[in-house]
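Heads up, the thing below is written out as structure tokens.
Positions are given from 1, in the same order as the sequence printed here. Computed from a prediction, not measured in an experiment: that's the story for all the values here.
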Amino acid sequence: CCAQLWLQVPECLRSGILLLAALTSLKGEKLPNCEEVWKVFQLRQIGPAKGLPETPRAGADLQVCTSKNLTCCTKKMEERYQIIVKQDIQQVLQTSSSTLKFLISHNAATFQETFEMLIRQAENYTSILFCNTYRNLAVEAATAIQEFFTDVGLFVFGIDISTEELVNRFFDTLFPLVYNHLINPGLTDISLEYSECIRMSQRDISPFGNVPKVVMGQMGRSLLSSRTFLQALNLGIEVINTTDHLQFSKDCSRALLRMQYCPHCQGMTLSKPCMGYCLNVIRGCLANMAEIDLHWRRYIQSLEELSSTMHGTYDIEHVLLSFHSLVNDALTHASINGPKVIEQVNKMCGHPVRKPTLSPGYSDQNKDNQGMKMSARDNEETLANRRKEFMKSLRLYKTFYGGLADQLCINELAAADGLACWNGEDVVKSYTHRVVGNGIKSQSANPEVKVKGTDPVINQIIDKLKHIIQRSQGKSFPKHEKWGLLQTGSGGSMDEQVSGDCDDEDGCGGSGSGEVKRILQFTDCKSHYSTATYLSSLRGLNLHVTGIAMNFILICIILM
């Protein structure tokens with residue numbers, strides 16, 4: 001029908017129409033001006049402006065952005081694009097992970113500060129106990145207290161110290177002082193050898209009843225859990241830092257260049273890649289990173305499980321802030337069973353030389369906790385609540401690595417649905433190639449990127465995640481679990497500490513003095529004490545943990 005109509009048109013008119021069509025065709029094929037390309041190149045500070053073409057040219061020397069048409073790119077421009085596209089994708093990666101990274105790093109710092117504060121506070125509580133209730137022991141016990149909490153801090157922050165040994169060492173050191181001033185007052189000028197014999201006999205005689213074992217159980221598990229929790233958070237930061245600065249393969253870099261900047265060579269500086277095209281390129285480039293997904297999910301799950309076990313009698317906040325109550329129970333037990341302890345010491349170490357003393361060697365037990373007035377703590381400020389809120393937020397990022405490539409394309413890189421887009425060669429209505437899935441196995445059919453093997457850096461990160469997952473799941477806890485089941489001996493006040501019935505994540509009450517509180521009102525701590533001598537004993541200690549040890553001195557000096 002059209003052909004018949006065309007034949008009915010006069011010949012001269014037909015000639016005019018054909019000429020107009022030819023001119024229009026030539027106008028449509030007019031090559032783009034390079035002015036916009038030049039402006040974007042300078043605006044983005046991609047490279048020096050010298051040598052940029054003002055008009056299109058042949059691109060026979062181009063390696064990636066090849067085209068049958070004339071081009072606005074030179075070989076040097078292509079090289080600069082190759083550099084900048086890597087920076088672009090790393091910037092996009094860092095932006096996408098910035099909220100997650102801040103969440104973990106901020107909470108890691110917060111938890112570490114909280115642990116430091118709790119250790120200092122627990123040391124203060126213990127020092128005040130001696131200042132108020134066992135004054136004749138206070139000065140001599142200061143070194144044992146300082147060393148114990150220094151070791152606690154070292155353990156929590158990563159130094160390999162046996163929690164069982166540090167607890168035993170504390171009670172070993174405390175025993176000769178308790179024996180001389182509390183159990184068998186009046187002993188003076190006893191030899192160092194005799195005092196050492198008393199110290200070494202502590203584990204056999206068990207003057208403090210079951211308290212040391214209870215402390216071992218609570219300290220061992222709570223400190224190890226807190227230490228593992230901190231290490232896991234620091235590993236999370238390491239994982240994000242590593243993936244933020246991932247080194248891309250040569251084939252990936254070329255694919256990114258083709259996707260992001262090759263359109264510029266054709267004068268299309270505003271075009272964006274098609275969604276399917278973007279997914280193929282980014283999934284190919286992040287194929288190794290997608291392998292982290294499964295382990296990242298398990299990592300967050302193991303953190304949740306670890307966090308759920310850090311409650312009740314194994315919440316580090318409860319354990320540290322009730323330590324002074326356990327120490328008081330231990331000293332009370334030793335005092336009540338004094339005659340039996342004396343008999344056992346005499347059998348093991350012999351009889352010491354006695355000299356009379358003018359004053360009693362211990363204070364009235366009824367003054368226990370006098371001056372230690374504590375106010376109720378705010379549940380909103382508890383460590384358990386902070387941990388709950390953190391895990392609630394972290395749970396939202398469980399699929400972060402599995403969906404990362406898709407998020408980059410959807411949020412940053414690809415054209416919106418329905419818009420004309422770049423397919424690697426031209427601007428089209430839609431991308432027609434197959435879109436592959438995430439992960440290395442899916443990349444064999446990727447038409448845009450060739451993925452060769454696994455990345456050793458990613459493999460190393462995955463191995464670290466596997467290791468911390470095992471630790472977080474309690475692979476290191478069996479011994480401490482056994483301690484947690486120990487029943488109390490004589491003394492009558494320890495059942496609450498080992499019953500295991502308290503599972504309130506906000507903490508449980510401590511033995512001997514009711515619920516553990518946060519705030520103390522310091523009372524007198526007047527004793528004959530050489531500050532210079534004590535300060536000299538701190539030389540050589542790490543300044544970070546030495547600060548913890550200084551609290552007893554400050555309490556006594558301020559209140560003198």
Side-chain angles (χ1 to χ4, degrees), residues 82-112 157-158 227-253 255-256 281-304 306 390-391 393-409 411-413 438-443 449-473:
Q82 184 74 82
I83 295 172
I84 202 70
V85 76
K86 293 179 183 179
Q87 297 175 1
D88 287 349
I89 198 67
Q90 284 193 339
Q91 181 62 47
V92 171
L93 281 171
Q94 290 169 19
T95 300
S96 67
S97 66
S98 59
T99 305
L100 172 60
K101 183 177 179 179
F102 176 79
L103 173 68
I104 298 178
S105 59
H106 173 71
N107 278 278
T110 298
F111 286 125
Q112 178 163 328
F157 301 123
R227 167 180 171 151
T228 304
F229 193 76
L230 273 184
Q231 289 174 338
L233 296 190
N234 288 325
L235 177 58
I237 299 170
E238 182 183 347
V239 171
I240 298 168
N241 283 336
T242 301
T243 53
D244 275 354
H245 299 89
L246 188 67
Q247 296 298 312
F248 298 108
S249 68
K250 183 178 180 180
D251 197 73
C252 167
S253 298
L256 289 171
V281 172
I282 300 301
R283 285 176 178 177
C285 288
L286 302 187
N288 277 282
M289 200 183 296
E291 297 297 311
I292 298 175
D293 176 51
L294 175 63
H295 308 285
W296 182 258
R297 291 169 185 259
R298 290 176 176 171
Y299 161 77
I300 293 181
Q301 181 181 354
S302 67
L303 270 179
E304 290 183 281
L306 176 62
F390 167 65
M391 292 310 307
S393 299
L394 186 62
R395 199 177 297 120
L396 301 176
Y397 293 91
K398 215 167 188 177
T399 61
F400 176 75
Y401 282 101
L404 183 56
D406 299 50
Q407 290 302 312
L408 295 187
C409 288
N411 297 334
E412 300 283 344
L413 302 175
N438 284 297
I440 293 177
K441 291 182 179 180
S442 301
Q443 303 312 307
V449 184
K450 292 180 180 179
V451 179
K452 302 175 182 178
T454 58
D455 188 326
V457 175
I458 296 297
N459 288 341
Q460 186 178 32
I461 284 293
I462 289 174
D463 287 341
K464 289 184 179 182
L465 283 172
K466 288 179 179 178
H467 178 68
I468 202 68
I469 288 167
Q470 287 184 333
R471 296 190 62 187
S472 298
Q473 290 175 339

Within a strict 4.5 Å, meaning less than it, do heavy atoms of the [X] and [Y] side chains meet?
X      : Y      : result
Phe390 : Leu233 : yes
Arg283 : Asp406 : yes
Thr243 : Leu404 : no
Asp88  : Leu256 : no
Leu413 : Ile89  : yes

Check your understanding: Going through the distances and angles, do Asp463 and His467 end up as a side-chain contact (heavy atoms from CB on, under 4.5 Å)?
Key -> CA-CA 6 Å; Asp463 287 341; His467 178 68; over 6 Å; no
Report the distance from atom [atom1] of [X] to atom [atom2] of [Y], rounding to the nearest 0.5 Å.
X      : Y      : atom1 : atom2 : value
Gln112 : Phe157 : CD    : CZ    : 4.5 Å
Thr228 : Ile468 : OG1   : CD1   : 6.0 Å
Ser302 : His295 : OG    : NE2   : 12.5 Å
Phe111 : Leu230 : CZ    : CG    : 8.5 Å
Ile300 : Ser472 : CD1   : OG    : 12.0 Å
Ile237 : Thr242 : CD1   : OG1   : 11.5 Å

Review point. Which residues satisfy the salt bridge (charged side-chain N to carboxylate O under 4.0 Å, His left out) test with Arg227, sequence neighbours excluded?
Key: Asp160
Check your understanding: salt bridge (charged side-chain N to carboxylate O under 4.0 Å, His left out) with Lys398: which residues, sequence neighbours excluded?
Key -> Glu304
Is it the case that the side chain of [X] and the backbone of [Y] share a donor-acceptor pair, with hydrogens and angles ignored and the cut-off at 3.5 Å?
X      : Y      : result
Tyr401 : Arg297 : no
Ser98  : Thr95  : yes
Trp296 : Gly402 : no
Ser97  : Leu100 : no

Practice item. For Ser253 and Val85, work out which heavy atoms get closest and say how close. Key: O-CG1, 4.2 Å
Practice item. Grab the two heavy atoms, one from Ala232 and one from Leu303, that are nearest each other, plus how far apart they are. Key: CB-CD2, 3.6 Å
For [X], give me all partners under side chain to side chain donor-acceptor pair (under 3.5 Å), at least two apart in sequence or on another chain.
X      : answer
Lys441 : none
Glu412 : none
Glu291 : none
Asn241 : Lys101

Practice item. Could you give me the CA-CA distance, side-chain angles and deciding distance for Tyr397 and Leu103, then say whether side-chain contact (heavy atoms from CB on, under 4.5 Å) is met? Key: CA-CA 10 Å; Tyr397 293 91; Leu103 173 68; 4.1 Å; yes
Results of side-chain contact (heavy atoms from CB on, under 4.5 Å) for [X] - residues two or more places apart only:
X      : answer
Ala290 : Asn438
Asn411 : Gln407
Gln87  : Ile83, Ile84

Check your understanding: With sequence neighbours excluded, what pairs up with Phe400 under the ring pair (Phe, Tyr, Trp, His ring centres under 6.0 Å) test?
Key -> none
Study note, to complete from the structure: Sequence neighbours excluded, the answer for ring pair (Phe, Tyr, Trp, His ring centres under 6.0 Å) partners of His106 is Phe102
Please report, to 0.1 Å, the donor-acceptor pairs under 3.5 Å made by any side chain of residues 449-461, with sequence neighbours excluded.
from   : atom 1 : to     : atom 2 : distance (Å)
Thr454 : OG1    : Asn459 : ND2    : 3.1
Asp455 : OD1    : Val457 : N      : 2.8

